[in-house]
Amino acid sequence: MTVMSGESQKASNRKSLSFVLMEACIYHCGDSKCVIVLSVLLIANLCIMCSSSTQKQILLPGFSGSEMDYIDNNGMFLLSNGSVFGFGFVTNSVSDTTSYLLAVVHLATTSIVWSANANSPVSHSDNFVFDKDGNAYLQSGGSTIWTASKGGTSMQLLDSGNLVVFGKDSSSPLWQSFSHPTDTLLSGQSFIEGMTLVSHSNTQNMTYTLQIKSGDMMLYAGLQMAQPYWSALQDNRMIVDKNGNNIYSANLSSSSWSFYDQSGLLLSQLVIVQQGDANTTLAAVLGNDGLITFYMLQSVNGRGTLPITVPQDSCDMPAHCKPYTICNSGTGCQCPSALSSYANCNPGIKSPCNSKDKFQLAQLDSGVGYVGTNFASPVPKTNLTGCKNACMSNCSCIAVFFDQMSGNCFLFDQIGSLQQKDGGKSSYASFIKVSSSNRGSEQGGSDSGRLTIIIVIIIVGTLVVIGVLVYVGFRIYQRRRHHPPSQDDAGSSEDDGFLQTISGAPTRYTYKELQDATNNFSNKLGQGGFGSVYLGTLPDGSRIAVKKLEGIGQGKKEFRSEVTIIGSIHHIHLVKLRGFCVEGAHKLLAYEYMAKGSLDRWIFHSNEDSSMLDWDTRFNIALGTAKGLAYLHQDCESKIVHCDIKPENVLLDDNFLAKVSDFGLAKLMTREQSHVFTTLRGTRGYLAPEWITNYAISEKSDVYSYGMVLLEIISGRKSYDPVESSEKAHFPSYAYKKLEEGDLRDIFDAKLKYNDKDERLEVAIKVALWCIQEDFYQRPSMSKVVQMLEGVCDVPQPPISSQIGYRLYTNAFKSSSEEGTSSGMSENNSDALLSAVRLSGPR
C-alpha cells in the first residue's frame, strides 16, 4: 500500500472555448444580437459540462476512460457506494508524476490498496476499457498490459475495497481484486493457498513475498534462492485454537488475523488490536523493508499505524543488514570481528566450487545465529568437529551453524545478514568460510625484530612511491602545459561528462567491482562482435551478465548508445541494464542475467530432444518480442529503431519470458521523423531491402527483421539453408507458396506436433509474411502486429511476395560456392549486394 502524491490533487485551470468567445462578444458588441449569441454559447457550455466525464458507482460494458479524461476528479472514475474507496488512475510515485497506476484507493487517506499495473505504469492518455463484450483491460501504446475478465455485465467497487466484475449471474463475481492481491490485504479479505503478496522492489532490487505453502503461511526474501524468514506456525504470539492441522487460508478482520484449515476450521489467531471498529478498515501491507505493517484506514482521523509487525523483530529477516553483518535489535548493524579485515565485511567468496584458493572456517562472535536455521533441515546428528568437517568437505557451503544444545548442524550455500539476540546468550557456534590467504588478525603477533623490519620497509616504500608520484605528476604537468590534450584524452573526458548527464542512468560500477563479480571474468557465456559476455554475481546475490567491450573505435560508439538507450527505458520484454563501467580503456555493461540464453539455441535443432520448445511457448515468445519492439517504436520519448533483430538478440528468462537485448546498433529518431539515413548495420539474413538499396530506414526495417525471426520461430530453421532443396532453400518464398496452396503443415516445424485446429499458426504465418513485404509501406507497425497476434483484429491474406530477398540470398551464397565464375554475381548488381551483406556480419 502506498500513498498518492500531492501532485495528483491537481485542479484544471483550462478555459473552455465557449467562455473565450463569450468574453470576446461582450467586449466587441452590446446589442440584442450579442445577448442571443451569449445565450446560445452559455447553453452549449452547460451541455458540454453535463456530458463531460463524471464519476460512477457502477460501470456497464462500453466504458473507456483515461487519467486525462478524469483529471478534474483526481483520476477516479468509479466510487464505492459509500465513497470509501475509488478506482482510477493515480501517479506512480512522489518522484514520478508523469506515469500512472490503475488502482483502488482509500479516498480519505489516499492510500493505494490494490493496483493492476504496479510494474508497468502508463501515461495520462492510456485507457482502461470495459468493452461492449464485457472484457475489462488496460491498454498502453496499443498493447494490452492487464486483463481482468471476459464476458462481464457490470463492474462495481464495494465499500470493503473489493473491485468486482459480475456476469449474468450476479450472485457470484466473475473476477474480484480480493482474489488477486498485490502488496495489501484489507478487512474481510481472504488470503488462500495459491495467492501471493509481493512487496515493491527496494533500492537493492530486493522483493519479499508472502505465500501459503505446505500447510504454513511464510514470508520469503528474494535472495539468489528464496529464503524463508517468518512462519505463522512458529510465531509465538499466535492464540492457538487447534493444533496439528495445515493452514489453507487466512482472513483479516477488523481486529485480528485468523488462520483456517481447508474445511474452514479456525486454527489460530494473531490479535492486531484489542477491540476493532466496524467503521474502520484494517490493512496489512508487505513493505519493501520485508515487514508486514498493519494500519487503520479511517475516514476522520486518517491512517493510523499499529505497533504490531510481522515478523516481530526486524532482525528476524536475512536482508535487514548487508550479508555477513550482524543485526542487533535496536542498535543497528555491525561487522563480526572475524571479518573486520575484509572490505565491506565480505570475505568475497563468490563460488568456492570453482575457486583454486584454499579455505578455512572463521568463527564468529559468541551468540551470533542466523534466521535461516529456523527453516532449514539439519544434517545428520554430529558433534562440532563433524559439523565443521561437513562444511569443509562440501565446496558449496559458505557458512555453518552448530546448535550446541540440540546438536543440530546447519549448512548454507548463501547467507544474508546474521543476528544476535538474547544478549549474546545463543547456543549457536557459527563459522564463515574464508580464504586461507587472507587470515588478517588471526595470524597473531610476531617477534619485535620482524615487526621492525616490516615497519622500515613500509616507510621506505612509501617515500619511494611518493617520490615517483611527484616526479610523474611534474612531468605530466609540463607536458600538458606545452602540449594540448590528445583527441583520446578529450574523448575520454567527453565520455565521462556525457555519462554523468544521463537522466536516470543505471548504476556506475568500478572495474574492480565487476572483476570481482565475475571472478576475474572466468565464466564466459558467449562471444559477440563487440566483445565477450561473462556471468557474474553482485554482492546482493543477484546474477548479472557482464559484456566486456573489446573494440576501441566502433565499440566506444556502441557503448555510449547502449547506456543512453537502455538506461532510459523499462519494459517487461526488454533486457534491463543493471549498470555500467567506464575506466580508461575498460568499458563494460552489466545486464540482468537471462538463465535460458538466446532464442536461437532453442529453435534451431537438428534432432528432437528435451530442449525443444513447444508451439505455445514459441507463440508467447513471438508475442513478447513484438511487444518489446512496439514499446521501442511508440512508447519511448525518442523513437528507437533496434536495427539488429535476430534470434541471438532475443533472450529468455527462467520462465521463457522473451526480452529484446543488445541495443548497441540502435538508431534514435525524433517523433517527427519517419525515415532516417544511416550507415549499414544489422545481420545478414534479417536485413530489410531498404538497407541493401541504400534507401532511408525506419522502424519498418525492424518489422522486416521481426518477420524473418517469426518465420524461423514457426519453422524451426534458418530463412536460407543451402542444404535444402532449391525450392526450400529460401524459406520465405516457399512459405508464400505453401500459404497460397493452403498447406500450412509444410511451413510448421516438422519436429513439433501439428494441430490443424490451432488458428494461431495461420495468423502467425500471415503476420510474418506481411512483415517481410519489400514495400515498407505495406508492412504493419509493431503495435498492429501485437494486435493481430492477440486476435484483436483480423489478418488479411498477404500480397504476392517480391523476389528481392530470393535474389539477394541465392546470389550471395552462390558467389561463395562458385568462385571464379561470373554468372553468380552479374545480374541485379550482386557484387554490391553481397558487399553490403558482408559489412553487417553477426555480432
Side-chain angles (χ1 to χ4, degrees), residues 322 335 337-350 356-357 434-502 505-522 531-532 534 536 538-539 546-560 563-564 579-590:
K322 292 181 179 179
C335 181
S337 56
L339 301 179
S340 58
S341 60
Y342 294 93
N344 298 322
C345 193
N346 191 326
I349 299 176
K350 302 298 181 185
K356 297 180 180 179
D357 290 346
V434 297
S435 174
S436 300
S437 58
N438 294 326
R439 299 175 62 182
S441 61
E442 292 182 313
Q443 291 182 341
S446 60
D447 59 84
S448 59
R450 184 179 177 185
L451 182 61
T452 302
I453 294 174
I454 293 174
I455 293 175
V456 171
I457 292 174
I458 291 175
I459 293 175
V460 173
T462 301
L463 293 175
V464 171
V465 170
I466 292 174
V468 170
L469 291 176
V470 170
Y471 175 78
V472 171
F474 179 74
R475 296 291 296 174
I476 292 174
Y477 170 78
Q478 280 191 321
R479 180 175 298 178
R480 290 191 174 181
R481 183 177 180 184
H482 296 92
H483 302 282
S486 66
Q487 290 183 353
D488 289 342
D489 291 340
S492 177
S493 176
E494 177 189 352
D495 270 351
D496 288 345
F498 171 80
L499 292 169
Q500 292 293 344
T501 61
I502 299 176
T507 303
R508 183 167 183 170
Y509 295 106
T510 65
Y511 180 76
K512 181 65 167 58
E513 287 175 329
L514 293 184
Q515 188 179 37
D516 291 341
T518 58
N519 199 13
N520 198 22
F521 306 100
S522 60
S532 303
Y534 301 89
L538 294 175
V546 179
K547 181 177 178 183
K548 191 176 183 182
L549 296 178
E550 293 160 355
I552 299 300
Q554 193 176 14
K556 177 179 178 181
K557 181 179 179 181
E558 268 55 60
F559 177 83
R560 292 179 54 164
V563 172
T564 305
F580 67 96
C581 167
V582 52
E583 284 186 14
H586 299 301
K587 294 180 177 65
L588 302 97
L589 297 167

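What's counted below: heavy atoms across the whole structure, side chains too, no hydrogens, waters or symmetry copies.
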About how many Å separate [atom2] of [Y] and [atom1] of [X], when rounded to the nearest 0.5 Å?
X      : Y      : atom1 : atom2 : answer
Lys548 : Thr518 : NZ    : OG1   : 7.5 Å
Leu469 : Ile476 : CG    : CD1   : 9.5 Å
His586 : Thr510 : NE2   : OG1   : 11.0 Å

Smallest separation among heavy atoms of Pro347 and Val434, with atom names: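 Closest approach of Pro347 to Val434: CB-CG1, 3.9 Å.
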Minimal non-hydrogen separation, Gly579 against Tyr509, with atom names: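 Heavy atoms only, the tightest pair is CA-CE1, 3.6 Å.
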Whether Tyr534 and Phe521 hold their rings parallel, tilted or perpendicular, with breakpoints at 30° and 60°: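 Because their plane-to-plane angle is over 60°, the rings of Tyr534 and Phe521 count as perpendicular.
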Please determine whether side chain to side chain contact (heavy atoms under 4.5 Å, CB included) holds for the pair Glu583 and Leu588, giving the CA-CA distance in whole Å, both sets of side-chain angles, and the decisive distance to 0.1 Å. CA-CA 9 Å; Glu583 284 186 14; Leu588 302 97; over 6 Å; no
